[in-house]
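Down below is the structure, laid out as structure tokens.
Below, chains carry the letters A, B, ... as their sequence lines are ordered, and counting in each starts from 1. Note that the structure is a prediction, hence the values are computed from the model and not measured.
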Protein chains: 2
Amino acid sequence: EDLLITGVTSKMDEAKITICGVPDTPGIAAKIFKALAEEDINVNMIVQSASRKGINDISFTISQSDIKDANNILQNLMKDVKAKDLNFDKNIGVVSIVGMGMASHPGIAQKMFETLGKHGVNIQMISTSEIKISCVIERSKVKMAMQKLHQSFGLDKVGKKILKG
Amino acid sequence: EDLLITGVTSKMDEAKITICGVPDTPGIAAKIFKALAEEDINVNMIVQSASRKGINDISFTISQSDIKDANNILQNLMKDVKAKDLNFDKNIGVVSIVGMGMASHPGIAQKMFETLGKHGVNIQMISTSEIKISCVIERSKVKMAMQKLHQSFGLDKVGKKILKG
Ligand SMILES: C[C@@H](O)[C@H](N)C(=O)O
Ligand SMILES: C[C@@H](O)[C@H](N)C(=O)O
């Protein structure tokens with residue numbers, strides 16, 4: 001499949017939530033996201049990596065305007081899902097490389113991570129798909145990160161970058 | 001944005017890799033994925049949730065045919081990225097709900113997780129985007145999970161399900 005990078009985007013109105021130390025057993029994710037959905041809280045990237053020793057963390061982003069509601073819901077749920085900790089962080093931005101055919105081109109995620117890494121930007125969360133590679137980073141670094149990503153993907157020049165794969 | 005669910009898909013030829021306990025500092029993700037990209041190893045879903053106390057895990061999937069090469073590369077890299085552990089698991093399948101406009105409809109991820117949860121299917125990894133919600137589960141449960149997901153999303157009936165939102 002041909003690779004097409006169409007742009008770099010950022011979202012500045014998100015907050016990151018991590019529910020830490022839940023049992024890695026069936027039904028836990030269901031409880032958490034049902035509780036949020038029932039209050040109409042829109043959840044954006046949900047990210048869960050593989051567990052360590054039967055315990056797991058689940059991170060996701062929501063709109064900053066939903067923080068208070070989400071906190072109430074999740075505080076009440078913590079006992080029920082045996083969570084050890086609940087963390088909220090508004091001081092973030094989500095930067096994404098957007099395009100097509102990215103899953104079959106190994107160098108794209110690498111290039112995004114390298115660009116961020118070499119400019120001292122820590123990558124807090126990662127989520128990838130064929131059309132989007134998203135990284136959660138510190139808010140104050142989003143503007144600089146966007147400039148560097150534009151440059152390294154050649155998007156500061158006119159037009160989209162199409163690379164045949 | 002209207003919600004459109006077009007299908008449920010599964011991938012049975014993937015393996016799950018988790019690099020555990022790396023420092024949550026700039027440049028780590030870059031090193032890992034550069035090393036894999038240099039050997040042309042195609043990485044599919046990359047998933048990293050937020051760290052605990054400056055340490056993080058990164059999970060991703062690759063083709064099962066790349067396990068041996070990926071293992072060699074990552075074993076050599078472990079010291080360099082100060083990883084505490086490296087886990088491989090072939091006994092997985094990736095099931096995904098595919099559609100559009102899913103990010104703005106909270107109930108979809110919930111419904112997928114509930115369907116899996118109530119049939120005793122443990123969700124090992126989660127990655128979501130507007131067009132796809134993917135869960136890594138145990139291989140032997142993929143067939144059953146697919147049937148249950150088809151039913152709960154009404155995809156066992158003719159045609160696609162379009163819900164206006
Ligand atoms: C941790 C959580 O995802 C759990 N494994 C579940 O299936 O619900
Ligand atoms: C853990 C890893 O993602 C690290 N935070 C980095 O930026 O590379």
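Nearest heavy-atom pair across A:A37 and B:Q110 is CB-OE1, 3.1 Å. A:N44 and B:T128 get closest at one heavy-atom pair: O-OG1, 3.3 Å.
The greatest number of non-hydrogen atom pairs below 4.5 Å with chain A, out of B:M112, B:E38, B:R52, is found for B:R52. With chain A as the partner, the residue from B:T18, B:L36, B:D24 showing the most heavy-atom pairs under 4.5 Å is B:D24. Interface remark: of the candidates B:A109, B:G117, B:P26, B:P26 forms the most heavy-atom pairs closer than 4.5 Å to chain A. For the set A:G27, A:A29, A:S129, the count of heavy-atom pairs under 4.5 angstrom toward chain B peaks at A:A29. Interface summary for chain A: among B:I123, B:N56, B:T115, the most heavy-atom pairs under 4.5 angstrom belong to B:I123. Between chain A and the options B:C20, B:C135, B:A35, B:A50, the largest number of non-hydrogen pairs under 4.5 Å is found for B:A50.
A donor-acceptor pair under 3.5 Å is absent between the side-chain atoms of A:S51 and the main chain of B:Q124, judged by distance alone.
No single ILVMFWY cluster, assembled from side-chain heavy atoms under 4.5 Å apart, contains both A:I92 and A:M144. Hydrophobic clustering (side-chain heavy atoms under 4.5 Å, transitive across Ile, Leu, Val, Met, Phe, Trp, Tyr) keeps A:V98 apart from A:M100. Following chains of ILVMFWY side-chain contacts shorter than 4.5 Å, one can reach B:I67 starting from B:I17, so the two form part of one hydrophobic cluster. Clustering ILVMFWY residues whenever any of their side-chain heavy atoms sit less than 4.5 angstrom apart, transitively, puts A:I97 in a cluster other than the one holding A:V94.
By the neighbour-count criterion of 12 heavy atoms within 6.0 Å, atom CE of A:M146 is densely surrounded, having more than that number from other residues, nucleotides or ligands. Other residues, nucleotides and ligands place no more than 12 heavy atoms under 6.0 Å from the NZ atom of A:K90. Heavy-atom neighbours of B:K82 NZ from other residues, nucleotides or ligands within 6.0 Å: at or below the threshold of 12.
The side chain to side chain contact (heavy atoms under 4.5 Å, CB included) with B:S127 is formed by just one residue from the set A:S49, A:S134, A:S127; it is A:S127.
Distance check, rounded to the nearest 0.5 Å: CD1 of A:I28 to CG of B:N122 gives 9.5 Å. The distance from the CE atom of B:M45 to the CD atom of A:E130 is 11.0 Å, given to the nearest 0.5 Å. With rounding to the nearest 0.5 Å, the separation of CD1 in B:I131 from CD1 in A:I131 is 3.5 Å.
The closest side-chain heavy-atom distance from A:V47 to B:I126 is not below 4.5 Å. Within the 4.5 Å cutoff, the side chain of B:F33 has no heavy atoms near those of the A:I108 side chain. When side chains are defined from C-beta on, B:K111 does not count as touching A:K34, because their heavy atoms never get closer than 4.5 Å.
Ion pair B:E114/A:K31 not flagged as a salt bridge, since none of the NZ, NE, NH1 or NH2 atoms sits closer than 4.0 Å to an Asp/Glu carboxylate oxygen.
Heavy-atom distances place both the backbone and the side chain of B:I46 under 4.5 Å from chain A.
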